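Notes follow once the structure below has been shown.
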Amino acid sequence: MDRSSLFQLIQEQLDPEQTGFIAVENFTSLAEHHELQLDPSKLEMLLALVQSNEHGHVCYQELIELLSSKRSSSFRRAIANGRRTLQREILLDETGLGVYKRFVRYVAYEILPCETDRRWYFHQSRLCPPPVFMAIITIVQIIVFMCYGVMLNKWVLQTYQPDFMKSPLVYHPRHRAQIWRFFSYMFMHVGLEQLGFNALLQLMIGVPLEMVHGILRISLLYMAGVVAGSLTVSITDMRAPVVGGSGGVYALCSAHLANVVMNWAGMKCPYKLLRMILALVCMSSEVGRAVWLRFSPPLPSSGPQPSFMAHLSGAVVGISMGLLILRSYEESLHKQCSWWVLIFSFITFLLFAIFWNIFAYELLGVQIPPPP
């Protein structure tokens, strides 16, 4: 039975008068007679939702949203009731799993803090669509780095080479009118050490996050960190260029770490304290390295070295927007007031940064070094 036929069946048999509500006993009878061809986990969640209703009926739209796998508040209520009515073994006790399902279970315990969320994700997870966004970004970054490495015959501290800074991908304040540079700088990296650090985190943290929360949400978070990084540099470090995808990487990592801390008891990933400390040390070391290269360059250079402010602004995006996204698994963001507050704040920041880039450089008399 396809989805449209399923919806038609529900409406004809359960809500023929189109009142918008369905009697609990009618839906339960339909489900028990196996006329709803759903996977067992979703059917159990639906039964938990309708049987717990105190008014003897359930909203038709809530059922349609849940059947459609749309993110809505009805999911949260369903699993909340399901925790009391669905007594099943915890996910770690399931045996006989293939390689892919074992990986999905690993991802569920790495990302989600609630056992019912983990079970839901495990049973509804599919290979299509695959988590391609972080993989494509990482591959393109590696290809770009290899091309410039071969061309410059230099694999570390590439920013000291004039030809590197002439790239149309690098953000340079002199070329800030070229809008694509506020995005494209994420494909360029100072050297092998920065690329390796970013690529490792993108694959270890970004791919699992994309598997659980979807390509749209994680790509939005990553790109918001990238844009916020270049715009923050244009405001706070006005003479400096920017390279590297650290803004997006720090948005993902900060959101994930903040989510782990705020759901510490529920997170079941092994060695979480040790891994948290290691992640914070590595991220702090990368920021320290960027600060050192910015203010104490080890080699003579023709102008300021790339700024470190993109790291910090990416972390702010992750702790604010990213944390809300990660805490809203299978819930609609557009129905949450806090989401619109964050969107309004981000748009306000974008408008302020645009006006700053148009007028502030001349008003403040900033002396921008010419590009190489």
Side-chain angles (χ1 to χ4, degrees), residues 131-172 180-210 218-219 221-230 232-233 240-254 256-257 278-294 297-299 301 304-315 317-318 372:
V132 297
F133 175 76
M134 295 311 309
I136 291 175
I137 291 292
T138 304
I139 291 172
V140 173
Q141 289 173 340
I142 293 174
I143 292 174
V144 171
F145 178 78
M146 295 293 292
C147 291
Y148 277 92
V150 171
M151 182 178 66
L152 302 174
N153 194 26
K154 191 175 181 64
W155 303 96
V156 294
L157 301 178
Q158 290 184 346
T159 53
Y160 291 90
Q161 293 288 334
D163 289 338
F164 179 88
M165 298 304 292
K166 291 178 182 178
S167 170
L169 301 178
V170 173
Y171 168 81
H172 192 282
W180 72 82
R181 291 178 181 261
F182 287 91
F183 301 87
S184 62
Y185 78 93
M186 68 180 180
F187 297 115
M188 307 290 289
H189 288 81
V190 172
L192 186 60
E193 70 287 351
Q194 186 189 25
L195 173 66
F197 179 80
N198 286 349
L200 183 64
L201 290 181
Q202 286 173 178
L203 296 177
M204 291 184 62
I205 296 180
V207 170
L209 287 176
E210 187 179 344
I218 298 307
S219 61
L221 176 58
Y222 185 88
M223 295 307 300
V226 169
V227 175
S230 55
T232 301
V233 171
V242 190
V243 297
S246 298
V249 170
Y250 273 63
L252 295 178
C253 294
S254 299
H256 178 58
L257 294 180
L278 181 61
L280 291 175
V281 169
C282 291
M283 293 172 66
S284 301
S285 300
E286 170 62 17
V287 173
R289 185 195 66 86
V291 173
W292 169 63
L293 291 177
R294 173 68 180 91
L299 298 174
S301 60
Q305 287 298 295
S307 177
F308 59 91
M309 290 302 298
H311 299 69
L312 304 182
S313 60
V317 170

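Note that this is a predicted model, so its numbers are computed, not measured.
Ring geometry, Tyr250 versus Phe197: the interplanar angle falls from 30° to 60°, so the pair is classed tilted. Between Tyr222 and Phe133, the ring planes are perpendicular. Angles over 60° get that label, and only those under 30° would be called parallel.
Counting only distance, with no hydrogens or angles, the side chain of His256 and the backbone of Cys253 share no donor-acceptor pair below 3.5 Å. Side chain of Ser184 to main chain of Leu169: a donor-acceptor pair is present (N/O by atom type, distance under 3.5 Å, no hydrogens or angles). The closest donor-acceptor contact from the side chain of Gln141 to the backbone of Met186 lies under 3.5 Å.
Not counting sequence neighbours, the partners of Phe145 by the ring pair (Phe, Tyr, Trp, His ring centres under 6.0 Å) test are Trp155. Arg289 meets the salt bridge (Lys or Arg N to Asp or Glu O under 4.0 Å) test with Glu193, Glu286; sequence neighbours excluded.
For the residue pair Tyr185 / Ser230, no side-chain donor-acceptor distance below 3.5 Å is found, with atom types taken as modelled.
For the atom pair OH of Tyr148 and CZ of Phe164, the computed distance is 7.5 Å after rounding to the nearest 0.5 Å. To the nearest 0.5 Å, atoms CG (Leu293) and OG1 (Thr159) are separated by 7.0 Å. Of the inter-residue distances, the one linking Gln161 atom CD with Met151 atom CE reads 9.5 Å to the nearest 0.5 angstrom. Considering CD1 of Ile218 and CG of Leu209, their distance stands at 5.0 Å, rounded to 0.5 Å. Ser219 OG to Ile137 CD1: the interatomic distance, rounded to the nearest 0.5 Å, is 9.0 Å. A distance of 10.0 Å separates CD of Gln194 from CD of Gln158, quoted to the nearest 0.5 Å.
Among the candidates Thr232, Val226, Val170, Val233, the single residue satisfying the side-chain contact (heavy atoms from CB on, under 4.5 Å) test with Val242 is Val233. Considering Ile136, Val140, Ile142 as possible partners of Thr138, the one that fulfils the side-chain contact (heavy atoms from CB on, under 4.5 Å) test is Ile142.
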